[in-house]
Amino acid sequence: MIRQNNFLTFLFITCCSYFTNAQVFGLVVDKNNEPLPFVNIYIEETLNGTTTNANGEYELIIPAMGKQVVVFKYLGYKTVKKSIDILGGNYELNITMTEEGLNLDEVQIVANNNPANTIMRKVIARRKELRARITNYRVNFYSKGLIKIKNAPERLLGQEFGDFGGGLDSTRTGILYLSETISEVARSNGKLKEKILASKVSGEDNGFSFNAALDVDFSFYENRVELGSQLVSPLAENAFAYYNYKLKGTFYDEANRLINQIEVKSKRAEDKAFNGTIYIVEDEWALYAVDLKLTGKQAQIVPVDTFNIKQSFNYSKQYNIWLKVLQRFDFEYSILGFEGAGRFTSAYKDYDLKPNFAKGDFTSEILSFEKNANKKDSLFWKEKRPVPLTTEESVDYKLKDSIQIIRKTQKYLDSVDAKKNKFKLSSLLFGYTYDNTYKEKYYTINTPIENLLFNTVQGWHGSLAFNYLKLNKEKGNAFRLNTKLNYGLSDKRLRPTATLYYRFNKFSWPILQLKVGNEVRQFNNEEPITPIGNTITSLFFERNFAKFYDLTFVNLSYSKEIVNGIRTNFNLGYEDRKPLFNTTDFTYVDINDRRFTSNNPLAPFDFTTAPINDHTIVKFAIDVRFRFGQQYLNYPDEKFNVPSEKYPTLYIGYEKGFASSSVANHFDQIKLRLNQSINVATKGTFSYNFRAGAFLNQGDISFVDYQHFNGNESYITRKDYMESFLLLPYYSLSTNQEYIEGHAEHNFKGFILNRIPLIKKLNAHLIVSGNFLTTTNNKPYSEFGIALGNLGVKKIRFLRVGYAQSYFNNTVEKGINIGLMF
């Protein structure tokens, strides 16, 4: 009886659906029977519409029975209007569209009076008004993301890439990523929030798509369009400084409105500007459609070759305004042997321009998911998706979903692991990894050969390490055990360390860590001289810049984001410190008049005096990071923070040393840091990082606990430029008193050099920087630099080369600086 009632209920709902909703479907082609993609299809005088897919196919839901007028609109083609009488069920309607004949008869071109400029001045004059009218709204959003690859390499630098989820054919060509999203979007005075109602990713039954409305929120009514960098809109207030305009012709739309087709061309190829066509409604001076292109070089997104943004607007009789209903975002990419193309198609419907927003509707959460958003079945998607799948897309869903079922089984995962886990002779030299993917357990052994290094304290030294990782991707927690045995051939010391790490979740990211052992550590814990860098300078240039002490320790730390934007870190440790001395003067290149310095950073040529005394101490530290204006994406399995460039990030820290074997070593230090990176429209990026601190008791504390600064004597910057100096000698201004440190730089990117003939072919970025440091009882140290960044070959551009000059104690130092930018 229950089953019978369920059947009758299902039958009733099906019948009701049949008589209340109908579907118009078909194919749109040109006169040569070639399919037309991205045709704007909608019911006349409404925003209820859809678009054709890449094969020219479409499906349009008709919410009411009776006579309807369906409009087919495609740029460059005559608009087609078809009257149909819907009685229920499905209705097939195939359309052939013919090219639009542009008319220039009514346009009178007078010398020194470009009609396109006249139109654009009117559009720009009305830009703010139109933007203000769509500042507050709600809208339903659909997006389909598709990324394809062709002739994919099987391996790169020894790394095998497999079949990318099973979507490649015999030529290693196919779909890398296919995903769909349905969401509700709301905007209020510049604030945007989105709730994803349904999410589907090909080959991932638990997948949550990343193609959201937030990522394709392009409005050309803004002065700047954010796409990799700040790009100048053709409708911007200063657009005439970047663009030339030409009226290509006019035509009338289905409502007999005059539409102006205007060619948009950037004045300089390297400017952050678009090229293409925009369509303007006469008298209303609003966007009718957009078809604009730019290069990845202009957007400063290295892997991408070209971008193409197409937008289509429909007139809303209800609100008396043109609203964006369709958008297509295409790109082509190529880097390191990988090449292909991608497309993100978006549809907007059910606009509400008079939303009744309540206080608290807009918070720091800008993206969220409805419960079980990724569990919608195929019937749901068939009914809801406005853009039908192509045959290729349907096959990809079916293929990868079936492959996924197999590849998630223990039998399959164990077979893959068995192949990777084979022990090879090279494993004795370069380490071995054992994976148990099904149980999410991973084991790694590192040998001393693969991490062999050199310093003058230990000589040649390497580590035998064992690492264990246990994940729970569903809960987001992770447990890690790392153990290491480090041995120095010259000092003949074995130093063990062990670390226990546990991450509780991926929302507030609480992390508990315990570390114990004995190690050789640099006086500056930030390690401005990297171990590999010190190895190279020691062996080939007879420069042992790094200075060390012996540390036996137990350290416990806990960090967590307590509320959005505020993260705390607590640290408590016991330390036993001892001085170290050079035990070797080995070098490959013995340079005349040069020898290794001592391991005493305070007295480089004193080889007998220790820089510190033996002592123990307990240290406690608390650090708080404030990211003002931080927003976040709230995925079901993880929180992704989105820092705001409008506000700086503030760090406040307190460190205390106590319970030492010598009372003189006790100390208290307070620290402040403020940093920010700001996009200055099309003129590049300005960044700064300021730090200040003070020791509350200025006793004769251990040199280990001094505030050290990231100097540089090797002419090579290995750390972030915003945290290091260009020419400052290591440890020369280390202090146990007050200090103020500052770093600032402006990267003009292509704003200046791309305007200079010949030089612009380098595609280099001009960077100017300045650093300063002042400490108690010392004159201020300052330096400036000028550099060329983004140097390299083709798309591999990470090199930065520049000139630096410093000023200290009436002395000027000059030098060359080389570094990497990532």
Side-chain angles (χ1 to χ4, degrees), residues 454-459 461 488 490-491 493 519-531 533-535 537-539 541-551 575-587 590-617 657 660-662 664-665 667 669 695 698-715 724-725 727-739 741 773-779 781 806 808-811 813 815:
F454 178 87
N455 63 55
T456 54
V457 169
Q458 297 175 279
H461 64 99
S490 181
D491 69 344
R493 283 280 305 275
E519 63 185 16
V520 170
R521 184 174 293 184
Q522 286 191 43
F523 285 99
N524 186 345
N525 285 337
E526 295 187 19
E527 292 193 339
I529 315 102
T530 63
N534 185 67
T535 298
T537 58
S538 298
L539 294 176
F541 300 97
E542 207 170 356
R543 294 290 196 190
N544 58 328
F545 291 122
K547 308 301 176 184
F548 306 94
Y549 69 99
D550 182 85
L551 176 66
E575 300 182 0
D576 184 357
R577 304 153 167 179
K578 294 179 174 63
L580 292 172
F581 298 88
N582 289 350
T583 62
T584 179
D585 60 359
F586 175 79
T587 183
D590 189 4
I591 300 176
N592 293 335
D593 301 324
R594 182 180 295 179
R595 62 172 181 161
F596 286 128
T597 56
S598 73
N599 191 50
N600 187 341
L602 301 174
F605 301 104
D606 185 343
F607 291 84
T608 59
T609 303
I612 62 171
N613 297 319
D614 291 11
H615 67 280
T616 60
I617 193 170
S660 174
S661 56
S662 173
N665 292 322
F667 71 93
Q669 184 188 183
F695 288 82
Q698 300 174 359
D700 187 21
I701 66 174
S702 171
F703 187 69
V704 173
D705 298 312
Y706 276 45
Q707 179 64 40
H708 304 292
F709 307 99
N710 295 327
N712 193 353
E713 295 178 75
S714 67
Y715 303 109
S724 57
F725 291 86
L727 299 174
L728 176 69
Y730 305 112
Y731 302 111
S732 61
L733 291 177
S734 297
T735 183
N736 63 346
Q737 300 185 58
E738 294 83 11
Y739 59 90
E741 174 187 1
L773 174 62
T774 179
T775 61
T776 302
N777 300 327
N778 282 302
K779 291 184 178 180
Y781 171 90
S806 67
F808 183 64
N809 280 341
N810 299 318
T811 301
E813 296 289 342

A.B. asks: Answer yes or no: is there a side-chain heavy-atom contact under 4.5 Å between Asp590 and Glu542?
C.D. replies: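 Touching, per the 4.5 Å side-chain cut-off.
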A.B. asks: Has the side chain of Ser660 got a donor or acceptor atom that lies under 3.5 Å from a matching backbone atom of Thr616?
C.D. replies: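 Side chain of Ser660 to backbone of Thr616: a pair is present.
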A.B. asks: Looking only at heavy atoms, what is the nearest atom pair of Gly711 and Pro528, with distance?
C.D. replies: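 Minimum heavy-atom contact is O-CB, 4.1 Å.
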A.B. asks: Which heavy atom of Asn600 sits nearest to which heavy atom of Thr609, and what is that distance?
C.D. replies: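 Residues Asn600 and Thr609, closest heavy atoms: ND2-O, 3.1 Å.
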A.B. asks: Considering only heavy atoms from C-beta outward, does the side chain of Arg595 approach that of Phe605 to under 4.5 Å?
C.D. replies: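 Of all side-chain heavy-atom pairs linking Phe605 with Arg595, at least one is under 4.5 Å.
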A.B. asks: Side chains of Phe667 and Ile617: closer than 4.5 Å at any heavy-atom pair?
C.D. replies: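 Phe667 reaches Ile617 side chain to side chain.
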A.B. asks: Under a 4.5 Å cut-off applied to non-hydrogen side-chain atoms, are Glu741 and Phe725 in contact?
C.D. replies: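 With C-beta onward as the side chain, the pair touches.
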A.B. asks: Distance check, rounded to the nearest 0.5 Å: Ser732 atom OG versus Phe808 atom CZ?
C.D. replies: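 Reported value, rounded in 0.5 Å steps: 6.5 Å.
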A.B. asks: Could you tell me whether the side chain of Thr456 and the main chain of Thr584 form a donor-acceptor pair under 3.5 Å?
C.D. replies: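 No, because the side chain of Thr456 does not come within donor-acceptor range (under 3.5 Å) of the backbone of Thr584.
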A.B. asks: Between atom CG of Leu773 and atom OG of Ser806, what is the distance when rounded to the nearest 0.5 Å?
C.D. replies: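 Leu773 atom CG to Ser806 atom OG measures 12.0 Å (nearest 0.5 Å).
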A.B. asks: Calculate, to the nearest 0.5 Å, the distance between atoms CD and OG1 belonging to Gln737 and Thr735 respectively.
C.D. replies: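 Interatomic distance, Gln737 CD to Thr735 OG1, rounded to 0.5 Å: 5.0 Å.
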A.B. asks: Distance-only, no hydrogens or angles: does the Asn712 side chain make a donor-acceptor pair with backbone N or O of Ser714 under 3.5 Å?
C.D. replies: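 Here the side-chain-to-backbone pair exists.
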A.B. asks: Between Phe703 and His708, is the ring centroid distance below 6.0 Å?
C.D. replies: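 Yes, ring centres under 6.0 Å apart.
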A.B. asks: From Arg594 CZ over to Thr587 OG1, what is the distance, rounded to the nearest 0.5 angstrom?
C.D. replies: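 These two atoms lie 9.5 Å from each other.
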A.B. asks: Grab the two heavy atoms, one from Ser598 and one from Ala603, that are nearest each other, plus how far apart they are.
C.D. replies: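 Taking every non-hydrogen atom into account, OG-O, 2.9 Å.
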A.B. asks: So do the side chains of Asn710 and Tyr730 get within less than 4.5 Å of each other, counting heavy atoms only?
C.D. replies: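 Side chain of Asn710 against side chain of Tyr730, heavy atoms only: no contact under 4.5 Å found.
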A.B. asks: Looking at every non-hydrogen atom in both residues, tell me the closest pair between Gln707 and Gln669 and how far apart they are.
C.D. replies: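 Smallest interatomic distance, heavy atoms only, reads OE1-OE1, 3.1 Å.
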A.B. asks: Let me know which of Arg493, Arg521, Arg577, Lys578 forms a salt bridge (charged side-chain N to carboxylate O under 4.0 Å, His left out) with Asp550.
C.D. replies: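 Among Arg493, Arg521, Arg577, Lys578, the one meeting salt bridge (charged side-chain N to carboxylate O under 4.0 Å, His left out) with Asp550 is Arg493.
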A.B. asks: Do you see a donor-acceptor pair shorter than 3.5 Å between the side chains of Thr776 and Asn778?
C.D. replies: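 Their side chains do not contain a donor-acceptor pair, so the 3.5 Å distance test is not met.
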A.B. asks: Does Phe607 CZ have over 12 foreign heavy atoms under 6.0 Å away?
C.D. replies: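 Yes, because the 6.0 Å sphere around CZ of Phe607 holds more than 12 heavy atoms from other groups.
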A.B. asks: How far apart are the closest heavy atoms of Leu728 and Glu713, and which atoms are they?
C.D. replies: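 Looks like O-CG, 4.3 Å.
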A.B. asks: Could you check whether any side-chain heavy atom of Val457 comes within less than 4.5 Å of a side-chain heavy atom of Asn582, counting everything from C-beta outward?
C.D. replies: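 Touching, per the 4.5 Å side-chain cut-off.
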A.B. asks: Are side-chain heavy atoms of Ser538 and Phe596 found at a separation under 4.5 Å?
C.D. replies: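 SC-SC contact between Ser538 and Phe596 confirmed.
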A.B. asks: Starting at CD1 of Ile701, measure out to OG of Ser662 and round the result to the nearest 0.5 Å.
C.D. replies: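 Atom-to-atom, Ile701:CD1 and Ser662:OG are 11.5 Å apart.
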A.B. asks: Quick check, are the ring centers of Tyr549 and Phe523 under 6.0 angstrom apart?
C.D. replies: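 Distance test on ring centres: under 6.0 Å, yes.
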A.B. asks: Would you say the side chain of Pro579 lies within less than 4.5 Å of the side chain of Asp614, judging by non-hydrogen atoms?
C.D. replies: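 Yes, close enough: below the 4.5 Å cut-off.
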A.B. asks: Shortest non-hydrogen contact from Phe548 to Leu580?
C.D. replies: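 Shortest heavy-atom separation between Phe548 and Leu580 comes out as O-CB, 4.1 Å.
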A.B. asks: How long is the gap from CG on Asn544 to CZ on Phe454, to the nearest 0.5 Å?
C.D. replies: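 CZ of Phe454 is found 8.5 Å from CG of Asn544.
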A.B. asks: Hey, can you tell me if Phe709 and Tyr739 have their rings parallel, tilted or perpendicular (30° and 60° cut-offs)?
C.D. replies: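 Correct class here is perpendicular.
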A.B. asks: Scan Asn534, Asn455, Thr597, Asn524 and name whichever one has a side-chain hydrogen bond (donor to acceptor under 3.5 Å, both in side chains) with Lys547.
C.D. replies: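 In the set Asn534, Asn455, Thr597, Asn524, the residue that makes a side-chain hydrogen bond (donor to acceptor under 3.5 Å, both in side chains) with Lys547 is Thr597.
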A.B. asks: If you count heavy atoms of other groups shown closer than 6.0 angstrom to CZ of Phe581, is the number above 12?
C.D. replies: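 Yes, CZ of Phe581 has more than 12 neighbouring heavy atoms, counting only those of other groups under 6.0 Å.
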